[in-house]
Amino acid sequence: NPFSLLPPCVVLSPSRYRAFTFSLTFLLYTSFHLSRKPISIVKVTYVYKSNYKQLLGAMDYSFLCAYAVGMFLSGIIGERLPIRLYLTFGMLMSGLFTCLFGLGYIYSIHSLGFYIFVQVANGLVQTTGWPSVVTCIGNWFGKGRRGLIMGIWNSHTSVGNILGSLIAGYWVSSNWGLSFIVPGLIIAAMGIICFLFLIEREYCYNWDTELLLPQDNSSVSVPVQQVVVVKSESEPSAISFMGALRIPGVIEFSLCLLFAKLVSYTFLFWLPLYITKTAHLDAKKAGDLSTLFDVGGIVGGILAGVISDKLGKRATTCAVMLLLAAPILYGFSMISEFGLGPTIGMLLVCGGLVNGPYALITTAVAADLGTHKSLKGNARALSTVTAIIDGTGSVGAAIGPLLAGVLSSQGWDQVFYMLMAADFLALLVGADAC
């Protein structure tokens, strides 16, 4: 049914819909990260239990491994389905599995298998999010000032982490089940909003007073108010997985993101626990303090976008930030001994330099490659390219927290050596893309 491509609520004038789509996709993916953050806050509750690091590392790994595997398939599937319906399904299922994790506490479920299953299922359905929102925003906004626009837009990752930390921290000491249930309800509610309001730019040709939908190379006219005109000509076929890999730069940036995301996600999942151990703070205060890393990430992502727009060199921008990040990571491992003030400063700087390249590659770079000139105008490659880049990065995201869980038992210094090595490898691979 061609009408399934359009949401039931089209209420804005054409001139305002671009800004609305920017805001809507921002909020949609904010809710994804908001629902991922609670486990890093709640794990602090088990800091003194035996074997907690290995068990919690396995919990992280089950989610991230499922996410990495699912991401490669998600982009290919999403390229062939209406984004609005695909994204709505993923958000509703993410809400369900996030709530199930919290219900495990309320109903005193002590089976590790239950929580592993929930994490794996949640990791799979959450892969619907990133390729969908990047494709949508990439189709609505062209290449002009893309780095700045997507740098601002990508701050949803950090905003979601901050909100997730604050929500989870509010209940972590009294009833940590609610630390998952509330974010689960939020992402499910946002899924309903997605169904009602999201319009995909790739189906829009121009704005008019009638709706034209493609059906057997003909147009069906339906009088409506303030709606969309859809291209009636046949669309090019979606790009294949191997075809996407042949686009210049896809492999290089994918590998660079693998190591950059390893660093970022290790901080995402283990920073609150590290702060608890080194600064001797309780779970709530550690969670609140960890949000400063994401505040720095917001600034770093925007700064990376602005610089890359002005220079016209996205790879060079990533390489410089990665080069600066290595000594900052070493400094961060040492600075915690000097009190709260220096720690706050290092959190901000480290967040900017670590998340800047990660943000740039997953947004502006992915959008550039998904609309590369070698595609000859084929717009049905963006989701697959985004999924390949982010899927490869998610392999690093799965490895990082797992290694942190193992290495932290030998001392936190070992974790930071691992992070510095990953940052250096990201720099080497990123240099090949320059």
Side-chain angles (χ1 to χ4, degrees), residues 33 36 57 60-76 123 126-127 129-131 134 154 157 241-242 244-270 297 300-301 304 314-326 329 350 353-370 383-407 415-434:
H33 263 264
R36 295 177 195 173
D60 296 339
Y61 186 71
S62 61
F63 173 88
L64 293 168
C65 189
Y67 185 88
V69 173
M71 183 59 73
F72 290 105
L73 298 175
S74 181
I76 297 173
Q126 287 231 349
T127 61
W130 190 242
V134 172
N154 191 66
T157 298
F241 184 87
M242 295 305 299
L245 284 178
R246 285 193 289 268
I247 298 173
V250 168
I251 294 177
E252 292 87 346
F253 278 110
S254 296
L255 292 174
C256 181
L257 184 63
L258 186 151
F259 297 109
K261 203 166 181 178
L262 184 154
V263 177
S264 180
Y265 265 65
T266 300
F267 274 95
L268 173 67
F269 281 87
W270 286 94
R314 309 229 191 264
T316 301
T317 304
C318 290
V320 171
M321 296 187 80
L322 289 168
L323 181 62
L324 294 174
L329 285 170
C350 194
L353 293 176
V354 167
N355 284 341
Y358 163 36
L360 187 63
I361 294 172
T362 54
T363 54
V365 169
D368 289 347
L369 296 176
S383 181
T384 301
V385 169
T386 300
I388 290 174
I389 293 175
D390 197 51
T392 306
S394 297
V395 173
I399 295 172
L402 179 66
L403 290 177
V406 174
L407 294 175
V415 176
F416 280 95
Y417 292 146
M418 179 266 291
L419 295 177
M420 286 185 280
D423 179 82
F424 181 70
L425 289 172
L427 175 61
L428 288 180
V429 177
D432 290 338
C434 294

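Leu360 approaches Arg314 most closely through the heavy-atom pair CD2-O, 3.7 Å. Across every non-hydrogen atom of Leu427 and Leu322, the tightest pair is N-CD1, 3.9 Å. Heavy atoms only, all atoms of each residue included: Leu64 and Pro401 are closest at CD1-CG, 3.5 Å. Minimum interatomic distance between Gly356 and Ala304 (heavy atoms only, all atoms of both residues): O-CB, 3.8 Å. Closest approach of Ala422 to Val263, counting heavy atoms only: CB-CG2, 3.9 Å. Of all heavy-atom pairs spanning Gly75 and Ala387, the tightest one is CA-CB, 3.4 Å.
The distance from the CE atom of Met321 to the OH atom of Tyr358 is 14.0 Å, given to the nearest 0.5 Å. Expressed to the nearest 0.5 Å, how far CG of Leu262 lies from CG of Leu419 amounts to 7.0 Å. Taken to the nearest 0.5 Å, the CD1 atom of Ile251 stands 11.5 Å off from the CG atom of Leu369. Taken to the nearest 0.5 Å, the CE atom of Met242 stands 9.0 Å off from the CD1 atom of Ile388. Asn154 CG to Asn355 CG: the interatomic distance, rounded to the nearest 0.5 Å, is 8.5 Å. Summarising the geometry, atom CG belonging to Leu407 is positioned 10.5 Å from atom CH2 belonging to Trp270; distances are rounded to the nearest 0.5 Å.
Formation of a donor-acceptor pair under 3.5 Å by the Thr127 side chain with backbone atoms of Ser74 is not found in this model.
Partners of Thr363 by side-chain hydrogen bond (donor to acceptor under 3.5 Å, both in side chains), not counting sequence neighbours: none found. For Ser254, the side-chain hydrogen bond (donor to acceptor under 3.5 Å, both in side chains) test picks out no residue, with sequence neighbours left out.
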Before giving the answer on side-chain contact (heavy atoms from CB on, under 4.5 Å), spell out for Phe267 and Leu329 the whole-Å C-alpha distance, their side-chain angles and the decisive distance to 0.1 Å.
CA-CA 11 Å; Phe267 274 95; Leu329 285 170; 3.6 Å; yes

Before you tell me yes or no, could you show the steps for Asp423 and Phe259 under side-chain contact (heavy atoms from CB on, under 4.5 Å), namely the whole-Å CA-CA distance, both residues' side-chain angles and the distance that decides it to 0.1 Å?
CA-CA 6 Å; Asp423 179 82; Phe259 297 109; over 6 Å; no

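Under the 4.5 Å side-chain criterion, counting only non-hydrogen atoms from C-beta, Leu257 is not in contact with Phe253. When side chains are defined from C-beta on, Ile361 does not count as touching Lys261, because their heavy atoms never get closer than 4.5 Å.
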Return a table of donor-acceptor pairs under 3.5 angstrom between the side chains of residues 65-73 and protein atoms on other chains or two or more places apart.
{"from": "Tyr67", "atom 1": "OH", "to": "Tyr29", "atom 2": "OH", "distance (Å)": "3.4"}
{"from": "Tyr67", "atom 1": "OH", "to": "Arg36", "atom 2": "NH2", "distance (Å)": "3.4"}
{"from": "Tyr67", "atom 1": "OH", "to": "Asp390", "atom 2": "OD2", "distance (Å)": "3.3"}

